[in-house]
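Read through the structure below, which is laid out as structure tokens, and then see the notes.
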Amino acid sequence: MGRTPDGLLPGTLDLLVLRVLAGGSLHGYGIAQRLRVVSEDVLAVGESSLYPALQRLLLNGDVTAEWAASDNRRRARYYTLTRAGRRRLAAEEAAYDRMDRAIRRVLKGSPR
Amino acid sequence: MIPDVLLRLWRRWRHRHHADDLQEELRVHRAMTEEALERVGESPSDARGLAQRVLGNDLQASEDSRAVWIAPFFDQLQRDVRLAFRQIRRAPAFSAAAIGMTALCTAAVTMVVSVFNLLFVAPLPYPGVDRILAAVVGSGTGMEGAVYDAVRERGEPFEAVAALSGGAGWNLVVGEHAEYVDGLRVSEQYFDVLGVRPRLGRGFTAAEDMPGGPEVVVIAHHVWQRALGGRPDVIGQMVSLGGTPHEVVGVMPDGFHSALAGDVWTPLRLRPDDWSINYMVTARLRPGASMADATAALDLARADLLARIVTEQNGRLSALRWVPLQRALGQPLTVPLLVLAAAIVGIVLVACANLAGLQLLRTMARRHEVATRLAIGGSTGRIVQQLLAEAFVLAAIGGVVGIGLVVVLLPVVASLLPSVPLAGRTLTVDVTVLVSALVATAGVGLLFGLAPALAARRVDLRSALAQGSRAGESRRRAWGRRILLGGELAATLALLVLASGLARTLVAMWQADLGFSPDRVVVAKTSLQGQAFADVSSVVPFVDQALERIRRVPGVVSASVANNVPVEPGLNMPLEPPAGSRVTSNRSVDWRYVTPDYFDTLGIALKQGRVFDEGDRQGGAPVVVINEAFVRTYFEHPDVIGQSLSLVPQTEDPARTIVGVVASVKGRSGAGWTSGISALGADAPPTIYVPLAQVPVPVLSIASRFFPTTWIVRTNSASPDLPRMVQEAVRSAEPSIAFARVVPMNDLLADDARQHRVLASAASVAGLVALLIACTGVYGLVAYAASQRMREMAIRLTLGASRGAVVGLSVREAMVSALAGVVAGGLLTVALSRVARAVIGASLLEVPTLALAAVVLATALGVAAAVPAVKASRINPARALRAE
């Protein structure tokens with residue numbers, strides 16, 4: 001499986017995008033910015049992974065997209081979380097937590 | 001799952017512009033990145049380079065993003081279709097059956113739709129055809145001539161009103177050129193009603209349409225080309241019709257067909273008091289006038305008419321109404337077509353039910369495969385999608401084969417259609433055909449693909465997820481199956497009984513005593529219409545001379561002349577009830593003029609008195625011969641010789657003495673005594689025969705206008721030269737005579753029976769196909785049910801039930817379905833045979849046939865139920881239990 005080009009664990013990009021969108025509608029650039037800022041420059045997500053992820057979420061019905069004017073009078077495509085997306089976010093967060101705790105427990109445990 | 005698949009499809013559709021959106025989005029993203037870099041102090045050109053480096057390959061980004069939309073769907077579709085082809089090859093028998101049934105259904109549905117479309121939907125080739133109306137009584141367009149006058153008097157809502165009458169052909173002679181043409185006699189405004197102007201010249205004037213008006217004719221484009229060489233100065237030329245010079249006043253445009261066929265049109269010249277039912281009355285509604293206006297006008301006209309009816313039959317005018325011309329022309333075909341369509345729909349439904357049953361069976365056989373795929377994470381949606389793909393691939397192949405069938409069969413069907421309602425149009429492969437074929441194919445595919453796909457989903461989920469649950473059918477499904485089975489039986493039963501009934505009436509028809517002997521009789525038709533033959537004093541010498549010459553032809557036994565031959569209708573003539581008659585009012589009967597040898601030539605048996613002889617000449621005592629049907633209908637006692645008969649006074653026919661009674665001859669009545677599509681299936685109508693030599697002038701001209709004069713020749717050889725020699729014999733007596741056709745009498749009979757035969761063979765094929773389909777289907781369904789209940793049977797056997805009891809259970813259940821099917825089928829048969837009786841004029845319902853068919857089908861069903869049950873009960877219960 002290995003790591004994605006952006007240094008993320010596979011499958012986590014969708015979760016992160018959903019999480020960011022839970023705070024309100026955003027366009028693609030905004031999502032990338034938010035991820036970078038919140039992660040303190042650790043997560044720099046490129047176009048080539050962000051946009052396929054957004055298309056996937058659209059196809060699954062987790063988000064909807066709409067063109068609207070952005071703050072600097074530019075038209076941008078805003079993504080909004082749907083109810084299904086919210087449910088999925090909750091489920092994935094829980095799954096990630098479980099995985100995270102498990103990994104931590106393994107890492108903290110004695111190496112025998 | 002289906003809803004999920006649809007949802008995803010819908011989202012795909014909603015985002016169908018995803019590629020454009022994406023490009024724009026990526027551009028915006030880049031611009032925003034550049035702006036941000038400029039804000040922190042980079043120069044615009046540096047910002048662009050930096051942004052490029054930060055963001056990476058945007059081509060890759062758009063490719064990857066687009067792939068999200070495209071790949072899974074098309075990839076899966078492709079895979080499904082490929083897999084479907086593999087499955088189809090793996091089960092060739094099933095696939096062949098499915099493709100065959102789909103092809104059959106597609107072809108049948110397409111054919112019915114095209115015929116209906118042509119007759120009732122595709123407009124007749126006249127401008128504003130929806131405003132052209134025709135007067136009808138019931139489904140008949142035959143009208144009293146008086147209707148025309150009455151409608152014209154109340155004709156405010158109409159732009160034009162016309163009456164027309166088909167009938168006898170003409171002898172058209174132009175210089176050396178002589179040919180037989182079909183004539184249509186039309187009133188002055190006929191071409192206005194159709195809305196078609198002559199290409200050259202004009203239509204008729206009011207003066208030309210008056211009795212005694214000048215002799216004028218409008219000719220068809222092809223007559224102009226063929227007989228007159230397409231000369232541009234044709235208007236004003238004289239042509240000879242029936243020996244009378246007619247002035248050509250108009251030439252109709254190429255491709256024009258009148259709504260009753262004709263090659264030449266002459267003025268109708270209707271007398272104001274014509275009460276014979278020989279006319280069609282049509283009208284064109286004024287723009288702005290409504291159907292209600294037309295009906296109101298007709299109500300007034302009808303009241304006028306009913307105040308002065310001549311015979312009891314004219315009372316039928318109380319049912320007079322308007323219908324669109326197109327419907328009026330197609331009406332006689334409606335019921336036979338509906339019967340055929342119903343049979344076809346029945347077959348299609350039975351076929352679909354069976355395909356669904358067979359598919360179910362196959363699905364069950366593939367349960368392990370499906371369960372395995374589910375277990376390793378295949379979604380049920382994918383499996384359903386794949387089953388559907390399989391059904392559609394099969395249906396598509398069947399559809400293509402079906403369209404091939406249509407292309408091959410369409411000309412055959414087209415040739416079976418009567419020409420009257422078509423007005424020159426033909427049945428062709430067109431958009432309607434292709435669309436209906438497509439719809440039929442998709443419908444069949446969906447019908448036999450969807451049900452098993454859904455059923456498979458339910459069964460497989462349960463068997464995969466809920467181990468050890470009771471593996472029987474759900475109650476709902478069991479009912480579905482029973483209804484399927486019962487419906488199938490009912491439809492098959494009805495089709496079988498009706499088909500056998502039709503076949504039986506056909507056979508009976510051939511064996512029926514026709515009342516005459518058609519073998520080795522040759523019939524030739526000529527026109528004696530026109531001035532040259534207006535009077536019997538000129539007709540009789542010519543006819544006698546020609547008959548004499550015919551008799552000298554080697555191989556000829558006897559010859560005679562009549563208006564029409566048996567099977568074809570006689571002239572309807574209103575008769576006053578004779579003294580002591582059972583019929584107490586004026587009624588029309590079939591009237592035929594004959595020469596003395598007529599009865600001998602056709603082998604019609606004399607029952608009482610005498611037939612005509614050379615002594616029954618013009619000026620002699622007026623005599624008449626009647627048939628047995630007439631005696632039965634009119635008289636209490638069979639002793640009728642010497643009684644007197646008179647037509648209504650308007651005909652100027654003298655009172656006649658009955659001199660003989662002959663055997664009844666089967667035939668279509670010209671006076672409404674028979675119904676149904678075939679003369680041979682009907683009872684003989686009351687008929688009166690009059691010697692040709694004693695026919696008064698007005699009656700002869702009526703007879704010649706409506707009927708060709710027919711030469712009837714009995715021969716004792718089958719020489720192929722005979723028709724030519726008969727023609728030459730007649731021509732040598734009168735060179736201007738042209739013959740319509742010379743045919744063996746038996747061919748005329750076959751023509752008459754044709755529609756009946758088409759219906760009978762269609763129904764027989766339908767019945768057999770339905771039986772075949774029903775057998776496979778019944779077996780499939782019952783076997784499926786048995787395999788579903790394998791576990792239940794195993795449990796019963798383990799608990800000590802006897803094999804017999806287990807098999808009995810299965811058979812008993814099948815019998816319940818069988819009983820329901822038989823009862824429903826019986827009711828359906830009775831209902832359909834009522835309809836068929838109206839069409840064919842003979843009962844198709846035979847209780848013994850119905851009973852036999854029911855017993856046979858029920859037995860087949862019982863055996864079909866028992867065999868799989870016995871097989872099931874033989875297997876080791878432990879294995880059956882484990883197999884779940």
Side-chain angles (χ1 to χ4, degrees), chain A residues 4-8 10-11 13-14 17 20-21 25-37 41 43-80 82-85 87-88, chain B residues 1 3-40 47-48 50-76 379 381:
Chain A
T4 59
D6 302 300
L8 284 170
L13 181 57
D14 287 13
V17 172
V20 167
L21 287 176
S25 303
L26 261 183
H27 45 71
Y29 177 77
I31 295 170
Q33 281 308 97
R34 183 68 57 84
L35 278 175
R36 204 163 59 84
V37 171
D41 285 345
L43 300 175
V45 179
E47 282 172 324
S48 52
S49 11
L50 177 63
Y51 283 96
L54 283 170
Q55 307 295 312
R56 246 188 335 268
L57 294 174
L58 268 178
L59 184 57
N60 282 334
D62 294 329
V63 300
T64 56
E66 216 166 316
W67 287 94
S70 75
D71 0 344
N72 46 7
R73 296 186 323 278
R74 196 186 286 285
R75 259 170 60 79
R77 203 176 184 207
Y78 278 80
Y79 292 88
T80 311
T82 64
R83 199 166 332 147
R87 271 201 303 276
R88 183 159 165 223
Chain B
M1 279 189 271
D4 196 41
V5 170
L6 290 180
L7 209 59
R8 287 176 85 95
L9 279 175
W10 181 75
R11 280 193 209 116
R12 240 182 220 111
W13 182 83
R14 222 183 77 182
H15 296 290
R16 62 200 175 284
H17 305 303
H18 61 83
D20 295 343
D21 280 340
L22 193 65
Q23 286 307 325
E24 179 62 13
E25 249 184 307
L26 289 173
R27 208 184 53 71
V28 171
H29 192 120
R30 189 164 300 271
M32 284 177 168
T33 311
E34 282 167 16
E35 261 171 39
L37 287 169
E38 278 173 42
R39 265 202 303 276
V40 297
R48 206 167 309 131
L50 267 174
Q52 183 86 47
R53 234 169 301 137
V54 170
L55 294 174
N57 185 350
D58 64 337
L59 190 66
Q60 177 80 52
S62 67
E63 285 289 313
D64 286 355
S65 303
R66 205 174 298 153
V68 172
W69 295 105
I70 296 165
F73 184 65
F74 285 100
D75 211 39
Q76 281 170 14
S379 76

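Chain A is the first sequence line, chain B the second, and so forth, proteins listed ahead of strands; every chain is numbered from 1.
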>> With a 4.5 angstrom heavy-atom cut-off, is it the side chain or the backbone of B/E35 that approaches chain A, or both, or neither?
In response: side chain
> Given side chains that start at C-beta, do those of B/V28 and A/Y29 come closer than 4.5 Å, heavy atoms only?
Replying inline: no
>> Is the shortest side-chain heavy-atom distance between B/M32 and A/H27 below 4.5 Å?
In response: yes
>> Quick check for you: to the nearest 0.5 Å, what is the distance between B/D21 atom CG and A/L54 atom CG?
In response: 12.0 Å
>> For the CZ atom of A/R75 and the CZ atom of B/R27, what is their distance to the nearest 0.5 Å?
In response: 10.5 Å
